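What you are looking at is a predicted structure, and each value in this text was computed from that prediction instead of being measured.
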Amino acid sequence: MAPKKARRRAVAEGGSSNVFSMFDQTQIQEFKEAFTVIDQNRDGIIDKDDLRETFAAMGRLNVKNEELDDMMKEASGPINFTVFLTMFGEKLKGADPEDVITGAFKVLDPEGKGTIKKQFLEELLTTQCDRFSREEITSMWAAFPPDVGGNVDYKNISYIITHGDAKDQE
């Protein structure tokens, strides 16, 4: 397949020619090293045999075909480095769909206003479960500044978590 056709096909299948902008150079290099380790036959494509050999190298010898098939089905086609990177980008971008994240925030918004008070959200994030550090709170407010009334638009947060920020797409 000609490079232009391959690029068009990747974009049409949900891939992105902008996948490399999702990661910094250090991360891309680390993914490239991981890809090279998995691509056992060094043909530039990860296939079922590559996965089987990678598992064997890690000491897991009896991997079932169904398990390997399920792994291969996660990609829309042959797994070259760009597809590999895209798959990781999708996994890392936000595991839950937008409606699930929004639904979690709605529990904190019984009046259904679409916003939560900054002070209330900050208190929850710094005192419950996996507590945010002061630095994480500062970063969050830089990314999602509250309005002048101290309200945080959680629908916007949910959208950006699942789709990325519009300015990141440019």
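The backbone N or O of Thr36 lies less than 3.5 Å from a partner atom in the side chain of Arg42, making a donor-acceptor pair. Using a distance-only test at 3.5 Å, with no hydrogens or angles considered, no donor-acceptor pair links the side chain of Asp153 to the main chain of Pro146. Listed for the Asn80 side chain is no donor-acceptor partner under 3.5 Å among the backbone atoms of Phe84. The main-chain N or O of Lys155 is never found under 3.5 Å from a side-chain atom of Thr102 such that the two would form a donor-acceptor pair. A donor-acceptor pair under 3.5 Å is formed between the side chain of Glu136 and the backbone N or O of Ser133.
In this structure, the separation between CZ on Phe144 and CG on Leu121 is 10.5 Å, given to the nearest 0.5 Å. Remark: Arg52 CZ to Asn65 CG distance equals 4.5 Å, nearest 0.5 Å. Asp47 CG to Asn41 CG: the interatomic distance, rounded to the nearest 0.5 Å, is 5.5 Å. With values rounded to the nearest 0.5 angstrom, Thr115 atom OG1 is found 12.0 Å from Phe120 atom CZ. From Leu124, atom CG reaches atom CD of Gln119 across 11.0 Å, with rounding to the nearest 0.5 Å. Summarising the geometry, atom OG1 belonging to Thr127 is positioned 10.5 Å from atom CD belonging to Glu122; distances are rounded to the nearest 0.5 Å.
With no hydrogens or angles considered, a side-chain donor-acceptor pair links Asn151 and Lys117 at under 3.5 Å.
A cation-pi arrangement is not found for Lys106 relative to Tyr154, the charged atom failing to lie both closer than 6.0 Å to the ring centre and inside a 45° cone about the ring normal.
Crowding of Gln25 atom CD: a count of heavy atoms from other residues, nucleotides or ligands under 6.0 Å not exceeding 12.
Across all their heavy atoms, Ile116 and Phe105 have their closest contact at CD1-CD2, 3.5 Å. Residues Ile38 and Thr54 approach most closely at O-OG1, 3.3 Å, considering heavy atoms.
Taking hydrophobic clusters as Ile, Leu, Val, Met, Phe, Trp and Tyr residues chained together by side-chain heavy-atom distances below 4.5 Å, Val63 shares a cluster with Met58. In this structure, Val100 is not a member of the same hydrophobic cluster as Tyr159, with clusters built from ILVMFWY side-chain heavy atoms closer than 4.5 Å. Under the 4.5 Å side-chain heavy-atom criterion for Ile, Leu, Val, Met, Phe, Trp and Tyr, Val37 and Met87 are members of distinct hydrophobic clusters. A single hydrophobic cluster is not seen to contain both Phe31 and Ile45; linkage of ILVMFWY side chains at heavy-atom distances under 4.5 Å, directly or through other members, places them apart.
Asp39 is not listed as a side-chain neighbour of Phe81, based on a closest heavy-atom distance of 4.5 Å or more. Side chains of Ile79 and Met72 form a contact here, defined as non-hydrogen atoms less than 4.5 Å apart. Within the 4.5 Å cutoff, side-chain heavy atoms of Leu125 are placed close to those of Met140.
Salt-bridge annotation for Glu53 and Lys48: absent, with no side-chain N of the basic residue lying under 4.0 Å from a carboxylate O of the acidic one. A salt bridge links Glu111 with Lys113: the closest approach of a Lys/Arg side-chain nitrogen to an acidic carboxylate oxygen falls below 4.0 angstrom.
Applying the salt bridge (charged side-chain N to carboxylate O under 4.0 Å, His left out) test to Lys73 and every residue at least two apart in sequence or in another chain returns nothing.
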Please evaluate residues Glu123 and Lys118 with respect to the criterion salt bridge (Lys or Arg N to Asp or Glu O under 4.0 Å), reporting the C-alpha separation (whole Å), side-chain torsions for both, the decisive distance (0.1 Å), and the verdict. CA-CA 8 Å; Glu123 183 178 326; Lys118 172 191 175 202; over 6 Å; no
In sequence, state the C-alpha distance, the side-chain angles, and the governing distance for Val152 and Trp141, and then conclude on side-chain contact (heavy atoms from CB on, under 4.5 Å). CA-CA 9 Å; Val152 179; Trp141 296 143; 3.5 Å; yes
